[in-house]
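Only one structure is covered here, and it is reproduced in the block below.
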Amino acid sequence: MKISLQESMRKSIFRNLDFSFTPEAEYSENENFEFTEPVRVTGTVRALSGIVDLKAHAETKMRFSCSRCLDLYEREISLDVDERLSRETEEDDFDTIQLSEGDTVDLTDILTKDIISSLPIQTLCSEDCRGLCQECGANLNRETCDCDREQVDMRLEALRDLF
């Protein structure tokens, strides 16, 4: 969904949002996550004098690769978005997104970037995920292995033989 900034310079624009979109391929081809359902958006957008206020709620379902065990899992994502966009911002105004030159604002791009930036750096299939064995690579959530997991400080390795 696009909003014309040129039109907002002449008159106030207010729209209720209720739409769905599929994020562009560049966002869906990430190795750690992918969108499995379209993003559903509800909310409002107001544009006046080149300033756009976006208040919306976005929901989607995404597939992730667990950072510990590498298994794929799906999770529903729900996010409240409150953004202010403007062509001109004050030097110390860190809450407003500065727009580049152009006539329109693509709300789908802003919403997609907000969803991605809200994702955790380390995605886990569950909080108690045991991950992979560092020796044999077995998924410790599904199987056990007989690898020696005792880690000994290399400086004390010689004492290990004494005991």
Side-chain angles (χ1 to χ4, degrees), residues 1-133 137-143:
M1 171 174 230
K2 296 186 180 191
I3 300 292
S4 171
L5 291 178
Q6 199 67 19
E7 187 179 336
S8 75
M9 295 303 248
R10 293 188 300 271
K11 64 179 181 174
S12 175
I13 299 171
F14 180 83
R15 290 192 185 140
N16 286 318
L17 303 176
D18 190 5
F19 67 98
S20 296
F21 70 94
T22 303
E24 294 180 22
E26 67 183 86
Y27 298 115
S28 297
E29 295 174 357
N30 188 298
E31 60 190 44
N32 295 327
F33 65 85
E34 70 176 297
F35 290 89
T36 57
E37 288 184 2
V39 178
R40 294 171 305 283
V41 180
T42 57
T44 60
V45 63
R46 177 177 304 199
L48 177 63
S49 302
I51 298 174
V52 178
D53 285 315
L54 171 65
K55 294 183 184 336
H57 179 77
E59 293 180 351
T60 188
K61 190 177 275 190
M62 298 177 74
R63 182 178 299 125
F64 298 94
S65 174
C66 180
S67 297
R68 289 185 189 160
C69 68
L70 304 178
D71 277 350
L72 295 177
Y73 67 97
E74 286 192 359
R75 184 157 295 152
E76 290 188 16
I77 303 296
S78 179
L79 177 69
D80 290 319
V81 176
D82 187 1
E83 295 285 2
R84 175 170 271 205
L85 305 100
S86 176
R87 284 190 180 160
E88 299 175 14
T89 60
E90 300 292 323
E91 192 172 304
D92 59 346
D93 186 6
F94 299 112
D95 293 332
T96 302
I97 298 173
Q98 186 167 2
L99 299 172
S100 59
E101 292 300 317
D103 195 26
T104 60
V105 175
D106 187 1
L107 297 181
T108 59
D109 192 42
I110 292 167
L111 290 164
T112 303
K113 288 179 181 177
D114 279 357
I115 291 169
I116 292 172
S117 67
S118 73
L119 298 177
I121 294 171
Q122 186 178 35
T123 57
L124 300 176
C125 59
S126 68
E127 289 298 320
D128 59 343
C129 177
R130 296 178 58 204
L132 301 175
C133 174
N139 186 336
L140 299 175
N141 296 318
R142 294 190 294 250
E143 59 187 290

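Numbers here are sequence positions counted from 1.
With sequence neighbours excluded, the residues forming a salt bridge (Lys or Arg N to Asp or Glu O under 4.0 Å) with Arg40 are Glu37, Glu59, listed by chain and number. The side chain to side chain donor-acceptor pair (under 3.5 Å) check on Ser126 picks up Asp128, with sequence neighbours excluded. Every residue was checked against the side chain to side chain donor-acceptor pair (under 3.5 Å) condition with Asp18, not counting sequence neighbours, and none meets it. Every side chain to side chain donor-acceptor pair (under 3.5 Å) that Asp80 has, sequence neighbours left out, goes to His57. Residues satisfying the side chain to side chain contact (heavy atoms under 4.5 Å, CB included) criterion with Leu70, sequence neighbours excluded, are Ser65, Leu132. Residues passing the salt bridge (Lys or Arg N to Asp or Glu O under 4.0 Å) test with Arg63, sequence neighbours excluded: Glu34, Glu74. Residues passing the side chain to side chain donor-acceptor pair (under 3.5 Å) test with Lys61: none are found, sequence neighbours excluded.
Using a cutoff of 4.0 Å between basic side-chain nitrogens and carboxylate oxygens, Arg46 and Asp53 are not scored as salt-bridged.
Contact annotation: the side chain of Phe35 approaches that of Ile115 to within less than 4.5 Å [non-hydrogen atoms, C-beta and beyond]. The shortest distance between side-chain heavy atoms of Phe21 and Leu107 does not fall below 4.5 Å. Residues Leu54 and Leu17 meet the side-chain proximity criterion, which asks for heavy atoms closer than 4.5 Å. Counting heavy atoms from C-beta on, the side chains of Val81 and Asp114 come closer than 4.5 Å. Side chains of Leu111 and Val41 form a contact here, defined as non-hydrogen atoms less than 4.5 Å apart. Inter-residue side-chain proximity for Val45 and Val52 is flagged as met; some heavy-atom pair is nearer than 4.5 Å. Under the 4.5 Å side-chain criterion, counting only non-hydrogen atoms from C-beta, Phe14 is in contact with Thr44.
Side chain of Ser67 to backbone of Thr123: a donor-acceptor contact under 3.5 angstrom is found.
Scanning both residues, Cys66 and Cys125, for their nearest heavy atoms gives SG-N, 3.4 Å. Between Cys129 and Asn141, the shortest heavy-atom contact is SG-ND2, 3.3 Å. Here the closest heavy-atom approach between residue Arg68 and residue Glu127 is recorded as NH1-O, 3.6 Å.
Between the NZ atom of Lys55 and the OG1 atom of Thr42 there is a distance of 14.0 Å, given to the nearest 0.5 Å. Note: Asn139 CG to Cys69 SG = 5.0 Å, rounded to the nearest 0.5 Å.
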Stepwise side-chain contact (heavy atoms from CB on, under 4.5 Å) check, Leu72 with Phe64: CA-CA 6 Å; Leu72 295 177; Phe64 298 94; over 6 Å; no
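A side-chain contact (heavy atoms from CB on, under 4.5 Å) with Thr60 holds for exactly one of Thr112, Ile77, Leu79; it is Ile77.
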